[in-house]
Amino acid sequence: MSSSSGQQQFRYTQTPSKVLHLRNLPWECTEEELVELCKPFGKIVNTKCNVGANRNQAFIEFSDLNQAISMVSYFASSSEPAQVRGKTVYIQYSNRQEIVNNKSTGDVAGNVLLVTIEGVEAGDVSIDVIHLVFSAFGFVHKIATFEKAAGFQALIQFTDSETAAAARNALDGRSIPRYLLPEHVNSCHLRISYSAHTDLNIKFQSHRSRDYTNPYLPVNPSAIEGTLQPTVGPDGKKKEPESNVLLASIENMQYAVTVDVIHTVFSAFGTVQKIAIFEKNGGMQALIQYPDVTTAAVAKEALEGHCIYDGGYCKLHLSYSRHTDLNVKAHSDKSRDYTIQDTGLLSIPQAPGAPTAAPAWQSNPQAASMYPGNVGPQAHPDAQIGAWDPNMHGGRPRFPPAPGTYPGQAYVPSSSMPMYPTSGAPPPAAADATMQQMPPYYGGQPNARPAGPPSVGRPPMYY
DNA sequence: AGCACA
C-alpha cells in the first residue's frame, strides 16, 4: 500500500543528513558568520555559501551526522530561533548527504572563478565582454568558456584569490549590463563560485578561450573568425586582413578626442604602443598600435560602434590598418609613442591588479562604471568606483545626438562649443585650455576621463 | 523561506 519514493520533501519527514540547508540568510552572509552559528554543534568540514537565486542560502556540512542532528534539534526546540545578524535563519537537513564542491576542508577561495552566465546562449556573450567585465578587478590572465548542463560558463583566472574574491563579491548575482549584450538578451545574471583550478591550460586564442599572458599563443583562425563574424553578418563577407594596428574613425565628434583620451580608451584591452591622430575628409581618425593582432582584435570587437562619451558622441568605427608599426613623434599633440623610455612611464606595469600604480580604471573604465553605487565599498576600496562620477551624467547635456551637426572641420577649441548648454558640468573635453599641454594621462585625468567610457557612452544600468 | 559545477 505504500506508494513509491521520491517524496521525501516533506518538512517533518526529511531524512537526517550531516549536511544542513540554511535559508533566509542575510545578503552576502559570510562563511565566517555561518561557522559562528554552527560550530557550537560540531566540526564543520565544508560549506557552500551564497546559494540560490537570492544568494541567501547556504549548505554546511558537519563531520558527523549527530552534530547536524543536534543543531537541528536544538533550534527546533529553542525559543530563540537561529539567527545571523539578527535575521532568523531556517535550518533543515539537506536532501543530499554531502556537499559536493571543490573546496573541501579549510580550502580557501582560489584565483580562478567559475562563472555561470544565466539566461544566455554561448553566442550571446563574447569572451571580450567577459574580459571587459572582469578586468575591472585586476589583470585577467586567462579565460576559458564552455557550455555545460549548467549553461554557459566561464573560468576566469586572476593573479590571486584576493582579486578573484573582489570580482566575485562585486559581480555575483549581478547582470552584465544590457548594452554589452545583444538586443534580444534582457538580462544575464552571473553566478560565481570558485574553481578548483589555479592555472588554466589555454591552448589557443579563440572565441572560447584566451590567454592574456601570452600574446604569442597561436590563434585558432576559424575560432577567431567566429567571434568577429557576427558583427559583420552571417553572409561570410570578406574582412580586411587583421592587423595589430587599428584605424579608428570618430563620428559625431562633439567633444575633443585627444591622444590621451584615445590612449585611455584603448588601453582597456592591452598595452597601447603608439597613437597617431589626424584628420581626413573633415573627420577625425586615429591609428592605435597594439603589440599583437589578438589584442587589436579584442579592442576592435569590443569598441566598434560604441561611443567615447555619453549621448552618442564620438562614436568609434574601427577597422584594421595596413600599418603594422607606426612611425610617430614620441610626444606631440597628435601622436604618442609609449614605447619610448623618455617619460619613465613605460615601467608602469599593465594593470596587474594594482589600481593605484597602474592605469586600472582606465584599463576598465566601463566595467568600473557598470557597477557603481551598488557595489559595496569594500569591493573597491579605491580607484575603480571612485573614478566614476555619477554626476557626470546628470550634468551632461541631454540633447539628442546630432549626427552631422558636428561641423566636420577640425575640432575647434573653445569656440567650438556653441551647442553646449551653459548649465551643468562641461563635457569632459571642454577643458580645452588644458588640452594642448596635457601631461601624459597618468598625471591625472581632468579630461582624459571619457566619462562613460569606451564601450558604454551611456549611464550605468543595473538590473 | 524551500536544495548546490562539471
Side-chain angles (χ1 to χ4, degrees), chain A residues 5-31 33-35 37-38 44-62 65 68 71-72 75-76 78 81-105 107-122 125 130 142-157 164 167-168 171-173 188-202 208-209:
Chain A
S5 58
Q7 201 71 324
Q8 78 227 112
Q9 298 284 40
F10 292 116
R11 186 181 296 174
Y12 302 109
T13 61
Q14 271 191 313
T15 57
S17 164
K18 58 184 159 69
V19 181
L20 298 182
H21 177 216
L22 291 83
R23 329 187 288 275
N24 201 36
L25 294 163
W27 168 256
E28 286 290 317
C29 173
T30 64
E31 182 178 35
E33 289 172 306
L34 285 179
V35 169
L37 175 69
C38 303
I44 296 150
V45 297
N46 207 350
T47 66
K48 184 161 187 63
C49 305
N50 294 319
V51 166
N54 296 323
R55 333 299 304 162
N56 61 354
Q57 301 173 43
F59 296 93
I60 186 152
E61 180 177 338
F62 285 103
L65 176 63
M71 181 166 178
V72 169
F75 286 110
S78 167
Q83 290 186 325
V84 172
R85 279 184 240 163
K87 205 172 175 223
T88 296
V89 174
Y90 300 88
I91 302 169
Q92 64 185 164
Y93 299 114
S94 171
N95 53 24
R96 298 193 200 177
Q97 291 303 119
E98 61 178 0
I99 293 176
V100 285
N101 65 9
N102 47 42
K103 45 186 280 251
S104 50
T105 320
D107 251 7
V108 200
N111 63 318
V112 177
L113 297 178
L114 173 74
V115 180
T116 302
I117 305 173
E118 297 174 334
V120 299
E121 293 173 27
V125 181
I130 296 171
K142 301 175 183 180
I143 298 178
T145 66
F146 48 93
E147 282 181 282
K148 284 287 166 58
F152 183 41
Q153 297 189 311
L155 290 163
I156 300 175
Q157 179 175 339
R168 194 196 70 94
L171 295 176
D172 192 16
C188 72
H189 291 272
L190 304 173
R191 216 181 69 227
I192 305 179
S193 57
Y194 294 104
S195 163
H197 292 100
T198 58
D199 190 21
L200 303 175
N201 183 17
I202 307 293
R208 327 205 51 143
S209 62

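Lettering follows sequence order; numbering is per chain, from 1. We use all heavy atoms of the structure for the numbers below, so side chains are in, but hydrogens, waters and symmetry mates are not.
Each of Phe146(A) and Asn56(A) lies near DNA chain B, and the nucleotide nearest Asn56(A) is the one positioned closer to the 5' end.
Checked by atom type and distance alone, the side chain of Asn111(A) pairs as donor or acceptor with a backbone atom of Thr198(A) at under 3.5 Å.
No hydrogens or angles were tested; on distance alone, nothing pairs the side chain of Ser193(A) with the base of dC5(B) as donor and acceptor under 3.5 Å.
Scanning both residues, Lys18(A) and Ala68(A), for their nearest heavy atoms gives CA-CB, 3.6 Å. Nearest approach of Arg55(A) to Asn50(A), heavy atoms of both residues: NH2-O, 2.8 Å. Closest of all the heavy-atom pairs between Ile99(A) and Asn46(A) is CD1-O, 3.6 Å.
Stacking is found between Phe59(A) and the pyrimidine-like six-membered ring of the dA4(B) base under the 5.5 Å centre-distance and 30° plane-angle cut-offs.
Gln153(A) has its CD atom 14 Å from the P atom of dA4(B), to the nearest Å. Put simply, CG on Asn46(A) is 19 Å from P on dC3(B), counting in whole angstrom units. Protein atom CD1 of Ile99(A) is 14 Å distant from nucleotide atom C1' of dC5(B), rounded to whole Å. Distance, Leu113(A) CG to dA6(B) P: 17 Å, rounded to whole Å. dC5(B) atom P lies 13 Å from atom CZ of Arg168(A), rounded to whole Å. In this structure, Gln92(A) places its CD atom 8 Å from P of dC3(B), rounding to the nearest Å. Arg55(A) has its CZ atom 13 Å from the P atom of dC3(B), to the nearest Å. Distance, Leu200(A) CG to dA6(B) P: 18 Å, rounded to whole Å.
Side-chain contact between Val115(A) and Leu171(A) is absent, with no heavy atoms from C-beta onward closer than 4.5 Å.
Contacts of Glu61(A) with the nucleic acid, taken as non-hydrogen atoms under 4.0 Å apart, are absent.
Out of dA4(B), dC5(B), dC3(B), the shortest distance to the side chain of Asn95(A) is found at dC3(B). With distances taken from any side-chain atom of Leu114(A) to the nucleotides dA4(B), dC5(B), dC3(B), the minimum falls on dC5(B). When distances are taken from the side chain of His21(A) to each of dC5(B), dA4(B), dG2(B), the shortest belongs to dG2(B).
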Its dot-bracket string being built from Watson-Crick and G-U pairs below 3.5 Å, with | for another strand and [ ] for crossing, DNA chain B has the pattern ......
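Counting non-hydrogen atoms of other residues, nucleotides and ligands closer than 6.0 Å to CD of Glu121(A) gives a total of 12 or fewer.
Looking only at atom types and distance, the side chain of Asp199(A) has a donor-acceptor partner in the side chain of Gln157(A) under 3.5 Å away.
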